[in-house]
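Worksheet: one structure, shown below.
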2 protein chains.
Amino acid sequence: MTDAPGKPRTTIVTLSRSAGVSTSTVSRALKGDPSISPAMRARIVALAAEAGYMPNIMARTLSSGRSGLIGLVLGPATNPFYAMLLEELVRQAAAKQQRFMIIHAGAGPIEDSTAEALLHYRVDGCLITSADLSSRAADVCARNGVPVVMINRIPREHASAVSCDNAEGGASLARFLRAGGHRRAGILHSGAGSSNGIERERGFTEAFDKDGARTVFRYDARSVYEGGYAAGEAIVAMPANKRPDCLFAVSDIIGMGAMDAIRAKGLRVPEDISVVGFDCIPDGARPHYAITTFRQPVAAMVRRGLDLLAARIGEPKLPDESVLLRGEIVIRTSARQAAGGGEVAD
Amino acid sequence: MTDAPGKPRTTIVTLSRSAGVSTSTVSRALKGDPSISPAMRARIVALAAEAGYMPNIMARTLSSGRSGLIGLVLGPATNPFYAMLLEELVRQAAAKQQRFMIIHAGAGPIEDSTAEALLHYRVDGCLITSADLSSRAADVCARNGVPVVMINRIPREHASAVSCDNAEGGASLARFLRAGGHRRAGILHSGAGSSNGIERERGFTEAFDKDGARTVFRYDARSVYEGGYAAGEAIVAMPANKRPDCLFAVSDIIGMGAMDAIRAKGLRVPEDISVVGFDCIPDGARPHYAITTFRQPVAAMVRRGLDLLAARIGEPKLPDESVLLRGEIVIRTSARQAAGGGEVAD
DNA sequence: TTGAAAGCGGTACCAA
DNA sequence: TTGGTACCGCTTTCAA
């Protein structure tokens with residue numbers, strides 16, 4: 001209502017006075033303490049609503065120790081997968097009245113002073129989705145007893161984690177390619193620093209390399225489009241009889257780069273080389289790519305991650321837990337499939 | 001050092017005791033108050049460092065009213081432009097010891113309770129980058145005297161704004177197309193709700209529609225790839241003699257969709273139809289697209305936005321200000337250019 | 001069922 | 001130059 005510059009905010013004291021009760025009573029009534037009589041509660045709640053009362057979280061945090069703030073370390077947002085994750089994270093957290101303080105977004109490392117902001121603001125916990133295995137933020141949290149949950153990462157000490165079953169995803173894709181008659185795989189990975197990439201490749205290789213089928217090429221595409229593009233160029237430059245007949249990109253963005261390079265150099269996808277990716281980012285669904293991929297259950301991963309974090313915040317000494325969620329293969333047209341296309345396992 | 005569960009955090013009281021001085025002195029020393037003797041300051045600073053003291057922002061906020069937190073409303077992160085903005089924002093803010101509380105990320109509207117979190121957490125100010133003209137967050141801020149700066153948006157009442165000179169960008173692109181001999185423009189816009197799109201189109205039209213050259217087609221592509229794709233299909237379906245000979249997409253993402261559709265239907269870009277976009281997102285630089293576009297000076301926009309917000313926080317009654325930054329045309333190969341390619345104005 | 005009062009960790013004004 | 005102290009707004013015993 002009031003708009004004057006010196007508008008006195010409604011506080012718990014204001015309320016207690018206009019209700020003629022103590023601040024304790026107001027505090028209890030507002031949080032639904034059972035020891036408050038229904039009549040009293042109703043009266044106070046009504047008053048609060050009418051006055052447009054909003055509790056000062058800072059004050060609450062100071063006395064209760066709980067801020068409702070969660071620190072967020074986000075990987076490179078320019079990879080659409082992280083953008084999806086971010087949107088889902090913010091949406092679900094808001095629904096639970098939780099907010100993120102964003103600590104980092106991007107590929108680079110985190111400044112020390114940034115990681116320490118986690119402590120300054122007394123975040124209740126921290127969510128880490130960056131693929132980098134090491135993390136200043138994780139260290140700071142560990143040293144200070146701040147619960148950590150990692151999404152899309154294998155766990156570290158002092159952290160729970162939820163991710164998609166990356167190895168099984170890689171294996172699914174491998175089985176699909178083998179069923180399509182492919183025998184010579186190329187793997188576009190993302191380096192030794194990415195736990196996901198490593199798992200995906202492991203699962204893939206275990207399922208692909210048998211009965212004479214094998215991996216004939218590996219390339220570190222650093223999880224960026226340009227890396228995939230360079231890999232594609234390298235492959236086209238190989239003698240035709242040495243080239244892989246299919247490519248497993250550990251993330252869609254890499255696979256898309258490879259597809260563009262292969263086509264730009266005059267080879268066809270999937271006729272000459274099949275390409276499969278991982279993540280199921282929206283861009284991969286475009287007709288131009290239509291990349292066969294493995295969908296991570298992002299919404300479920302976020303839900304589980306938030307739950308895990310909440311549990312850990314409520315009961316700090318719960319044992320670390322790591323959960324693997326099953327994803328699903330998404331078949332499009334970037335890879336040849338067996339005639340009939342029916343026998344896709346999984 | 002200590003790691004025990006019951007570790008007593010170092011507070012200003014702890015410090016004052018071990019230094020044998022009052023808490024006021026410690027507080028002053030730590031913030032560089034000139035009335036503290038250098039010797040005393042040095043002693044206290046050393047003590048603080050040794051003890052690993054970190055001030056509790058919540059407490060500071062409670063008494064000083066300043067949280068160092070900035071509310072952030074981000075547009076759809078799945079548009080790479082917003083992803084770029086996010087990364088730049090977080091990087092620059094961290095360098096100034098400012099943190100973002102993320103209020104929203106995505107295309108949808110904001111929940112009331114979410115917007116009110118801004119008040120609960122006593123954010124010092126709010127940064128809005130969503131393209132939507134209306135915004136619950138802006139309303140809440142306006143009603144409560146929270147300074148607002150909009151980046152990539154035209155201003156509203158009670159808000160400063162910084163954006164790229166969208167009209168001039170549109171005009172640049174128009175001049176470029178006209179110099180390349182184009183006479184019939186198609187405009188892929190983003191609807192009446194996007195202030196940027198409107199400005200870009202206005203600038204474009206003013207510079208393009210003269211000497212018989214004119215706009216022959218308009219399509220609402222809603223700022224998404226799919227919208228651009230649909231527009232492209234519609235264009236290809238037109239009789240050849242009615243089709244535009246060039247397309248101005250008010251954002252790259254739209255233009256990319258259009259290019260894919262046009263090519264998928266058998267027409268060539270730029271031979272049959274030229275396409276230009278806006279934003280200069282990384283994806284547009286890929287060889288497959290190589291879209292001619294207009295680069296927004298993102299880093300400068302962010303710097304200016306943060307400065308503006310800081311100023312407004314320090315002096316709440318400063319008049320609203322809106323700043324326009326000049327961008328630059330980025331010529332690639334998605335549009336035919338004049339023979340020689342030299343006379344590109346601007 | 002309700003109230004009084006002691007913090008939570010700083011800041012800043014007033015004295016000394 | 002330093003200390004004393006009253007808050008900031010809310011939570012939470014402890015009593016009544």
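Quantities reported herein were computed from a predicted structural model and do not represent experimental measurements. A note on names: the letters A, B, ... follow the listed sequences, proteins ahead of strands, and every chain is numbered from 1.
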Polar pairs (N or O, both sides) under 3.5 Å between protein and nucleotides 13-16 of chain C?
{"from": "C/dC13", "atom 1": "N4", "to": "B/Arg28", "atom 2": "NH2", "distance (Å)": "2.6"}

Nearest-Å distance, [atom1] ([X]) to [atom2] ([N])?
X: A/Asp33; N: C/dT2; atom1: CG; atom2: C1'; value: 11 Å
X: A/Met58; N: C/dT11; atom1: CE; atom2: C1'; value: 15 Å
X: B/Arg60; N: D/dG9; atom1: CZ; atom2: C1'; value: 18 Å
X: A/Tyr53; N: D/dG9; atom1: OH; atom2: P; value: 10 Å
X: A/Arg41; N: C/dT2; atom1: CZ; atom2: C1'; value: 13 Å
X: B/Leu30; N: C/dG9; atom1: CG; atom2: P; value: 16 Å
X: A/Asn56; N: C/dC8; atom1: CG; atom2: C1'; value: 13 Å
X: A/Arg43; N: C/dT1; atom1: CZ; atom2: P; value: 16 Å

Any side-chain heavy-atom pair of B/Arg17 and B/Val13 under 4.5 Å: yes
Exercise. Side chains of A/Thr23 and A/Thr11: does their closest heavy-atom pair fall under 4.5 Å?
Worked result: no
| request: Using a cut-off of strictly less than 4.0 Å, decide whether B/Ser22 has a side-chain nitrogen or oxygen near OP1 or OP2 of D/dG4. | output: no
**Prompt:** Counting only side-chain N and O atoms of A/Lys31, is one of them less than 4.0 Å from OP1 or OP2 of D/dC10?
**Reply:** no
With a 4.0 Å cut-off on heavy atoms, is [X] in touch with a base, just the backbone sugar-phosphate, or nothing at all?
X: B/Met40; answer: sugar-phosphate
X: A/Val26; answer: nothing
X: B/Ser37; answer: sugar-phosphate
X: A/Thr61; answer: nothing

In this structure, SG of A/Cys126 is separated from CG of A/Leu119 (nearest 0.5 Å) by 10.5 Å
So, with a heavy-atom separation below 4.0 Å from DNA chain C, the residues of residues 117-124 of chain B are none
Between B/Thr25 and A/Leu62, the residue closer to the 5' end of DNA chain D by nearest nucleotide is B/Thr25
Any carboxylate oxygen within less than 4.0 angstrom of a Lys/Arg side-chain nitrogen, looking at A/Glu321 and A/Arg312? yes
Problem - Charged N-O contact under 4.0 Å between B/Asp124 and B/Arg99 - result: no
Note: contacts of residues 11-20 of chain A with DNA chain D (heavy atom, under 4.0 Å) are A/Thr11, A/Ile12
